[in-house]
**Student:** 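A single structure is presented below for examination.
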Amino acid sequence: MKRNSLWKKTIEIFAATLIIMVFWYLLAIYVKNNILPTPLEAMTEFFMIFSGILWEHFYISAFRVVISIIAAMLLAVPLGLLLGREEKLDRYIAPVVYLVYPIPKIVFLPVVFLLMGLGNSPKIFMIGLIVFFQILVTTRDASKGVPMQNIHSMTSLGAVKWQIYYHVVWPACLPKILTSLRISLGTAIAVLFFVESFATTEGLGYFIMDAWSMAAYSQMFAGIIGMSFLGLILYVVLDMIEAKWCRWQYL
Amino acid sequence: MINSYELSLTYNQAENQVDALKDVTFELAEGESMSIIGPSGCGKSTLLFIIAGLLKPTSGRVVIDGCEPDAPGAETALILQDYGLFPWKTVYDNASLGLKVKGYNRKEQQDIVSPILKKLGLADFVNSYPAQLSGGQRQRVGIARSLALKPKILLMDEPLSSLDALTRETLQHFILDIWKEHKLTLVLVTHSIEEAVFLGKKICVMSDRPGMIQEMIANPMMGMPGYRQQQEFHGMCSRLRRLLGVEE
């Protein structure tokens with residue numbers, strides 16, 4: 001990304017934040033209830049506790065989300081690319097995916113907790129499982145859509161299969177894979193909140209629920225801001241990866 | 001030397017069978033050029049893909065210097081109309097891709113590709129992406145990539161059909177120069193009558209489906225300086241027009 005556009009983007013994000021704050025402020029005045037603090041109160045609280053108690057929760061939540069997305073991606077992307085190109089394989093696996101994809105996998109949470117205990121692993125597994133299917137389905141469709149002409153032109157250069165995947169299928173699908181990661185990011189953070197909201201004492205989800213139960217509303221909002229901030233950072237990281245790896249898309 | 005013996009190819013589409021090619025027999029000597037022209041869907045591209053080893057004929061066979069063309073990229077290079085270049089690779093990476101695939105190292109790739117790009121007037125664009133180039137420049141990158149492999153046979157599938165008329169003529173001269181200089185065997189599929197006459201020492205006129213050779217015309221004046229302006233050129237074009245059933 002060029003320096004200028006990075007600067008422009010930063011200003012845009014600040015402007016957008018400001019607009020949201022204004023609406024939040026108006027709503028807070030209208031509601032006049034301490035369950036909805038003004039943005040100033042919430043932001044003050046956020047900056048006060050971020051480097052203290054909030055940081056640990058932020059850190060563990062970030063760890064869970066990032067690990068689950070990376071793990072899901074490492075499994076779903078190669079499989080998706082393969083299923084999109086290898087018809088025989090797809091014929092066996094497609095019906096399974098078709099059947100499993102619409103199941104709301106979050107309902108297996110109790111089972112996962114029972115089988116995997118209460119540590120990090122069931123939470124990471126749960127987020128990863130849900131995100132896995134989103135990435136898989138998008139990647140497979142993208143891989144299926146790579147024009148035959150591209151493949152021919154590669155074959156005519158004498159390329160073998162792995163070279164076709166490396167030079168054609170993967171780069172052709174990368175923009176769509178990144179889009180699927182962006183969508184998955186939203187899902188992942190929503191699921192994160194859910195899996196952290198009970199049977200744990202760590203993470204932003206816990207922090208928010210705990211503050212709620214103590215009626216510490218400005219603290220609760222500091223947690224909510226923390227979670228939004230986490231999403232924003234990861235979103236920006238994806239943007240940067242795209243700007244670097246898919247430069248050809250932005251000419 | 002390309003020999004084709006009674007090539008036939010039948011596609012199985014759903015329930016009905018489509019004869020794309022039927023009994024196509026021809027011979028093309030080393031260093032010769034042949035243009036293939038015919039109505040849409042007459043199997044021109046199919047024939048080219050068989051010569052390139054990308055498709056297998058249902059019956060008959062193609063022999064190139066005594067071998068069947070089942071290993072693409074060995075001695076033949078194929079240039080397609082649009083999708084030959086990869087938008088995610090720079091001009092340089094596109095041009096050196098064939099060498100990379102064949103396992104040449106970076107240094108060797110550069111020694112071969114850089115002079116070619118320079119000669120094709122693309123030296124200033126090595127780090128550009130295809131989307132930043134004009135149609136003519138893009139096609140020259142495609143040609144550069146093929147030349148890098150030092151092929152004996154150059155196969156082109158309507159390489160210039162998406163270009164404007166001026167660029168098109170420039171590139172026709174350009175292909176002619178390359179053909180002369182590298183002493184390539186050239187097979188060119190085209191829709192354009194002028195192009196077929198300008199670039200084919202032999203002109204293979206194909207009939208509508210099933211694709212058969214309607215007539216093989218010798219075009220001895222091809223490649224002579226100023227051919228395009230001469231009476232014979234226009235005579236040949238008129239003859240092709242009549243054969244293809246175009247009203248004049």
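In what follows, every chain begins at residue 1, and chains take the letters A, B, ... in the order their sequences are listed.
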**Student:** Hey, is CZ on A/F194 packed in by over 12 heavy atoms from elsewhere, all under 6.0 Å?
**Tutor:**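 Not more than 12 within 6.0 Å, no.
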**Student:** Relative to chain A, which of B/I79, B/T90, B/L78, B/L97 shows the most heavy atom pairs under 4.5 Å?
**Tutor:** B/L97
**Student:** Would you indicate whether A/F229, at its atom CZ, is surrounded by more than 12 heavy atoms from other residues, nucleotides or ligands within a distance under 6.0 Å?
**Tutor:** no
**Student:** Just verifying a value: how many Å separate B/L54 CG and A/I151 CD1, rounded to the nearest 0.5 Å?
**Tutor:**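 Here the interatomic distance stands at 11.5 Å.
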**Student:** What distance separates B/Q132 CD from A/W248 CH2, expressed to the nearest 0.5 Å?
**Tutor:**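 Answer rounded to 0.5 Å: 13.0 Å.
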**Student:** Could I get the full list of salt bridge (Lys or Arg N to Asp or Glu O under 4.0 Å) partners for A/E87, not counting sequence neighbours?
**Tutor:**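 Once residues adjacent in sequence are excluded, A/E87 has no partner under the salt bridge (Lys or Arg N to Asp or Glu O under 4.0 Å) criterion.
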**Student:** Using a 6.0 Å cut-off, check whether atom OH of A/Y166 has over 12 heavy atoms from anything other than its own residue.
**Tutor:** no
**Student:** Restricting to side chain to side chain contact (heavy atoms under 4.5 Å, CB included), what partner residues turn up for A/P171, sequence neighbours left out?
**Tutor:**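 Side chain to side chain contact (heavy atoms under 4.5 Å, CB included) list for A/P171, sorted by chain: B/W88.
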**Student:** Are the side chains of A/M154 and B/V101 in touch, meaning some heavy atoms are under 4.5 Å apart?
**Tutor:**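 In short, these two side chains touch, coming nearer than 4.5 Å.
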**Student:** More than 12 non-hydrogen atoms from neighbouring residues, nucleotides or ligands closer than 6.0 Å to CZ on B/R61, yes or no?
**Tutor:** no
**Student:** Please tabulate, for the side chains in residues 29-36 of chain B, all donor-acceptor contacts under 3.5 angstrom to protein atoms that are two or more places apart in sequence or on a different chain.
**Tutor:**
residue : atom : partner : partner atom : Å
B/E32   : OE1  : B/A29   : N            : 2.9
B/S33   : OG   : B/L199  : O            : 2.8
B/S33   : OG   : B/K201  : N            : 2.9
B/S35   : OG   : B/A196  : O            : 2.7

**Student:** Hydrogens and angles aside, do B/K89 and A/H167 bring a side-chain donor and acceptor to less than 3.5 Å of each other?
**Tutor:**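 Present: a donor and an acceptor within the cut-off.
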**Student:** Answer yes or no: does atom OH of B/Y104 have more than 12 heavy-atom neighbours from other residues, nucleotides or ligands under 6.0 Å?
**Tutor:**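 No.
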**Student:** Could you tell me which residues in residues 71-86 of chain A have at least one non-hydrogen atom under 4.5 Å from a non-hydrogen atom of chain B, sorted by residue number?
**Tutor:**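 The stretch does not come within 4.5 Å of chain B.
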**Student:** Should we count NZ of A/K176 as having more than 12 external heavy atoms under 6.0 Å?
**Tutor:** no
**Student:** Would you confirm whether B/K102, through its side chain, and A/L157, through its main-chain N or O, come within 3.5 Å as a donor-acceptor pair?
**Tutor:**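 Checked: pair present.
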**Student:** If I compare all heavy atoms of A/S153 with all of B/R145, which pair ends up nearest, and what's the gap?
**Tutor:** OG-NH2, 3.4 Å
